[in-house]
Protein chains: 2
Amino acid sequence: MNDAATRENAGTRRSVSRAIEIVDTLARRGSLGVTDLAGVLDLSKSTVHAYLKTLEQSGYVVRDGEKYALGYELSLLGESVRNQSQLYQIARDEIDDLAAETGLYAHLTVVENGRGVNLYQAKGEDVGRYDYQTEKIQRPEPLHVTATGKAILASLSRERVESILDRHGLPQRTPHTITDRDALFEELAAIDERGYAYNDEEEVEGFRAVGAPICGQDGEVLGALSASGPTSILRGDFFREETRDAVTRTANLIEVTITMSNTFPSNS
Amino acid sequence: MNDAATRENAGTRRSVSRAIEIVDTLARRGSLGVTDLAGVLDLSKSTVHAYLKTLEQSGYVVRDGEKYALGYELSLLGESVRNQSQLYQIARDEIDDLAAETGLYAHLTVVENGRGVNLYQAKGEDVGRYDYQTEKIQRPEPLHVTATGKAILASLSRERVESILDRHGLPQRTPHTITDRDALFEELAAIDERGYAYNDEEEVEGFRAVGAPICGQDGEVLGALSASGPTSILRGDFFREETRDAVTRTANLIEVTITMSNTFPSNS
DNA sequence: TTAACTGTTCGCATATACGGAATAATACTC
DNA sequence: GAGTATTATTCCGTATATGCGAACAGTTAA
């Protein structure tokens with residue numbers, strides 16, 4: 001009866017996958033009615049309705065007239081996930097300062113499943129006009145195309161990097177993206193040497209960045225941060241020296257704060 | 001076989017509720033192992049394992065050695081929920097400015113299921129020491145205990161307010177909380193009259209706030225914003241005049257921006 | 001009034017989720 | 001380093017929760 005090739009999903013809860021599919025669909029397409037949703041997912045209306053009713057009971061979904069949409073409960077949940085990260089709690093304010101000081105974008109990135117996730121971002125004065133965060137969901141990026149990603153990769157063991165590359169490859173984003181393994185390892189060695197990474201239009205054309213890793217007291221990398229902006233702003237000495245100094249200084253500050261906070265736990 | 005009183009959950013997907021229970025548990029207690037989770041939820045290990053495996057496939061859950069934790073994917077999802085709100089996108093920067101200008105906390109609040117959800121918050125210089133956001137999950141608050149909540153209630157029809165009160169009552173948070181319906185309606189009339197709301201230690205002792213509603217072009221209330229801080233800072237004229245002016249000015253600015261942006265849709 | 005939409009409820013056949021026991025993969029003890 | 005607790009994970013038979021289609025109930029349009 002069952003088609004073959006269904007062994008991949010053995011031992012999983014199908015209805016949970018379906019529910020998540022519904023949530024993801026609502027995240028991508030905004031609010032939808034039962035009929036539309038049933039059409040998109042190729043399920044019967046009654047089935048979709050049952051899922052929505054269940055999700056509504058938990059507050060993950062709210063009814064908006066004839067449409068269903070994701071609830072702000074999910075937004076709070078997402079924030080609580082971030083707050084479980086000590087790095088996020090500590091680095092947040094510093095990222096704000098970095099953006100204010102440089103006038104650029106500032107990002108805090110961590111690794112999940114071998115890709116880079118931006119945990120936090122702030123926007124400086126000088127880049128107010130450029131709104132490049134157009135997508136509704138900011139998808140995790142491969143590590144080799146960003147300054148933060150390369151900074152992190154440079155701090156990992158060769159084996160870890162190899163295994164990540166095996167999993168995700170070296171997809172090309174712009175003509176400047178590093179797509180050759182050997183070239184990447186050379187670059188990573190240089191980054192590890194000097195302690196910071198450049199991204200010269202390797203992810204988005206017209207965008208540059210400087211990134212630095214953030215390490216815990218045992219030397220293991222916790223994440224990375226970067227300052228970025230359009231090439232019209234980020235050029236010459238400002239790019240190579242001023243911005244770089246601000247980035248490495250901020251990274252060091254965060255490292256010290258984390259070490260302090262783990263060595264002398266404050267309250268409660 | 002089935003206990004009675006199970007008719008409430010008729011037509012819902014039980015496994016989805018279970019999955020959400022698992023997610024919520026992980027949000028509250030941080031990362032947990034399969035055995036612990038099975039103990040907490042009173043399910044068998046094999047069952048919990050199957051759920052976790054399913055959630056892991058979607059990125060909602062990640063393995064952290066022997067433990068399972070919520071993945072940052074959820075964090076991105078939460079952010080995308082907020083980004084679906086035009087109010088959030090527009091008000092965000094203004095809230096930052098308000099916090100910077102007043103040196104206080106600044107909040108953006110909307111209503112969901114009759115309670116107030118803080119969509120965004122910023123922290124000013126003067127309140128840097130007071131970290132009152134200690135809870136892992138910031139739960140939705142009843143509307144009558146906050147400045148934003150009262151500002152919103154004051155902009156709703158009497159019937160809407162009544163129905164909200166019927167649902168959630170008037171729980172007391174501090175000795176100053178308004179717990180009487182008539183007193184609340186009097187206060188709401190005054191707020192509607194003057195256009196802004198005060199919160200004088202009605203939610204948290206030692207904390208004051210000024211809030212103002214944000215309305216769309218049809219006059220319907222979209223949400224509210226507030227500036228808040230400890231009584232040691234927020235007192236006298238600074239509380240009653242300066243802060244109030246900054247709050248109402250910001251609210252007006254956001255209203256204008258929203259109207260503009262809906263009247264002359266920019267790009268795409 | 002009819003027609004064409006919605007979202008919602010119901011009942012039945014069957015796919016599927018559950019728990020318990022067996023297994024694998026760890027970390028501790030002596 | 002053998003033995004003993006821990007884990008997490010897999011396997012299966014049965015009970016049941018699930019998914020579909022069809023009927024129902026509201027709304028809007030013509």
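Chain letters run A, B, ... following the sequence lines, proteins first and then strands; every chain starts at 1. Given the structure is predicted, the values throughout are model-derived calculations rather than measurements.
At D:dG19, one or more side-chain N or O atoms of A:R18 fall inside 4.0 Å of OP1 or OP2 (strictly under the cut-off). Between A:R63 and C:dT8 there is a side-chain N or O to OP1 or OP2 distance below 4.0 Å. When the side-chain nitrogen and oxygen atoms of B:T47 are compared with OP1 and OP2 of C:dG19, one or more of them lie within a distance under 4.0 Å. The side chain of A:R13 contributes no N or O atom lying less than 4.0 Å from OP1 or OP2 of D:dA17. In terms of phosphate contacts, A:T35 brings a side-chain nitrogen or oxygen within less than 4.0 Å of OP1 or OP2 of C:dG7. The side chain of B:K53 places an N or O atom within less than 4.0 Å of a non-bridging phosphate oxygen (OP1 or OP2) of D:dT10.
A cation-pi contact links A:R158 to A:F185, judged by a cut-off of 6.0 Å to the six-membered ring centre and 45° from its axis.
Rounded to whole Å, the distance from CG on B:L41 to P on C:dG19 is 11 Å. What separates NZ of B:K67 from C1' of C:dA25 is a distance of 18 Å, to the nearest Å. The interatomic distance linking A:L52 (CG) with D:dG19 (P) rounds to 13 Å, in whole Å. Remark: C1' of D:dT7 and OH of B:Y68 are 11 Å apart, rounded to the nearest angstrom. Atom CG of A:D64 is separated from atom C1' of C:dG7 by 15 Å (rounded to the nearest Å). Between the CD atom of A:E66 and the P atom of D:dA25 there is a distance of 18 Å, rounded to whole Å. Rounded to whole angstrom, the span from the CG atom of B:L43 across to the C1' atom of D:dA8 amounts to 16 Å. The distance from atom NE2 of A:H49 to atom C1' of C:dT8 is 5 Å, rounded to the nearest whole Å.
Put simply, the side chain of B:S46 and the base of C:dG19 share a donor and an acceptor less than 3.5 Å apart. Taking 3.5 Å as the limit, the base of C:dG19 and the side chain of B:K45 contain no donor-acceptor pair of atoms between them.
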#### Entry: Verdict with supporting geometry, B:L70 and A:L77, side-chain contact (heavy atoms from CB on, under 4.5 Å)
CA-CA 10 Å; B:L70 296 182; A:L77 180 66; 4.2 Å; yes
### Chi angles and distances behind the side-chain contact (heavy atoms from CB on, under 4.5 Å) call for A:Q121, A:Q138
CA-CA 12 Å; A:Q121 64 187 79; A:Q138 208 187 357; 3.4 Å; yes
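For the residue pair B:T54 and A:S17, no side-chain donor N or O sits within less than 3.5 Å of a side-chain acceptor on the partner. Side-chain contact of B:Q86 with B:S261: a donor-acceptor pair under 3.5 Å is present, judged by distance alone.
Nearest-nucleotide mapping onto DNA chain C: of A:D36 and B:Y51, the residue sitting toward the 5' end is A:D36.
Residue A:G11 is classed as having no contact, given no heavy-atom separation below 4.0 Å to the nucleic acid. Among the atoms of the strands shown, only primed sugar atoms or phosphate atoms (P, OP1, OP2) are found under 4.0 Å from some heavy atom of B:S15.
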